[in-house]
> 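Once you've had a glance at the structure underneath, I'll fire off some questions.
Since the structure is predicted, the reported quantities are computational estimates derived from the model, not experimental observations. One-based numbering, in listed order, for ligands and for the atoms of each.
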Amino acid sequence: MIRAAKATAHPNIALAKYWGKRADGVNQPAVPSLSVTLAGMATTTTVTFDPALAEDTFLLGGAPAGEVAYGRVVKLLDRVRRASGITARARVESGNDFPTASGLASSASGFSALALAALGAAGLDTDPARVSDLARRSSVSAARSAFGGFVELPVGSPGEGDLAAIPIAPPEHLPLRVVVAVTREGPKAVGSTDGMEHTVRTSPYFPAWVESAPALCARVREAILRRDLEALGVAAEESALAMHATSIAARPGLLYWTGGTVEALEEVRRLRARGLVAYATIDAGPHVKVLTTPEDEPRVTAALAEVPGVKRTIVASPGEGARLLDRT
Ligand code: DP6
């Protein structure tokens, strides 16, 4: 019997960063994180379990994906096969409606959409917490894209397998805008999985990061719940800079920034000095994502677009969680 399902999910941006895994090999984070899921950009994925297939196939944007991505997709499908008793191989077709080099994590929307489509196709429970836990086993940040709005991923208990994200406020709770200042086109040199592994292994500052991250995450959560965008921005910027500090201190130092990153960071500080709401966050790449209000967004975007090292800008706002589009 052929069984298929199609799902869509959005990327998310961490306001309190996850960086580093726990040592027990179950893909659980060493620190709690908190993100906002973004509207307007999505990954859409169809999973078809088909007994006629000799092996799993994975097309990304119409072309066969690389070996590493393929391996990660097969692992997720194997988990779903084990849970459902399905033995058929699957055809996975996935596409992003935003460029992968935009600095927005396509693995978060990708694994979240894949988890939901695979559970749906297998006829299993598609409760968002289950989608989140399954996506997290492939990519930790993907756990958060199962839900919309503001989403926290706590640290799990050592030795336990299950860990899902928790929605803390819906998208409309806080009128936030995220302006992405794209500072370089093309893929990043060191992916997050490798970058954080190197940091955990060699950075003398990593223990300090693990110790300080829970309090930063709590500050981000409390600021969101109070709808205090300035306090949120201050804590989010601290979290991003502390995460990068641990990587810069690794041996050899891991520097995701370019000149354009620093220019954009300086512009954010100038905007604040002019009285605008503007706080920066940076993921494992050179782009700067600026948190602001809907009122200040046009001036923040215009100022960032003038920065010589900024190639282009993308404006995003809080959005919904992963959604099943079709099941046959
Ligand atoms: C800097 O979730 O991509 O974006 O769990 O190894 O797949 P894996 O890593 P990933 O790391 C994301 C790191 C980050 C911060 C964040 O999203 O919290």
> Output all residues satisfying ring-ring contact (aromatic ring centres under 6.0 Å, His included) with His198, sequence neighbours left out; order by chain, then residue number.
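With sequence neighbours excluded, His198 shows a ring-ring contact (aromatic ring centres under 6.0 Å, His included) to no residue whatsoever.
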> Taking only residues two or more places apart in sequence or in another chain, which ones pass salt bridge (Lys or Arg N to Asp or Glu O under 4.0 Å) with Arg327?
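Checked Arg327 against salt bridge (Lys or Arg N to Asp or Glu O under 4.0 Å); zero matches.
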> Would the distance check show the side chain of Asp133 and the main-chain N or O of Leu163 forming a donor-acceptor pair, the cut-off being under 3.5 Å?
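Such a contact is found between Asp133 side chain and Leu163 backbone.
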> What residues come within 4.0 Å of ligand 1, counting heavy atoms only?
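Ligand 1 pocket, heavy atoms under 4.0 Å: Ala14, Lys17, Tyr18, Trp19, Lys21, Arg72, Ser107, Ser139, Val140, Ser141, Arg144, Ser192, Thr193, Met196, Met243, Asp283, Ala284.
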> In terms of side-chain heavy atoms, does Asn27 have a donor or acceptor partner in Arg137 at a distance below 3.5 Å?
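No, because no side-chain N or O of Asn27 sits under 3.5 Å from a partner of the opposite role on Arg137.
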> Is it the case that more than 12 heavy atoms not belonging to Glu93 sit under 6.0 Å from its CD atom?
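Above 12, so yes.
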> Got a list of side-chain donor-acceptor pairs under 3.5 Å for residues 299-308, not counting sequence neighbours?
from	atom 1	to	atom 2	distance (Å)
Thr301	OG1	Glu297	O	2.9
Thr301	OG1	Glu297	OE2	2.6

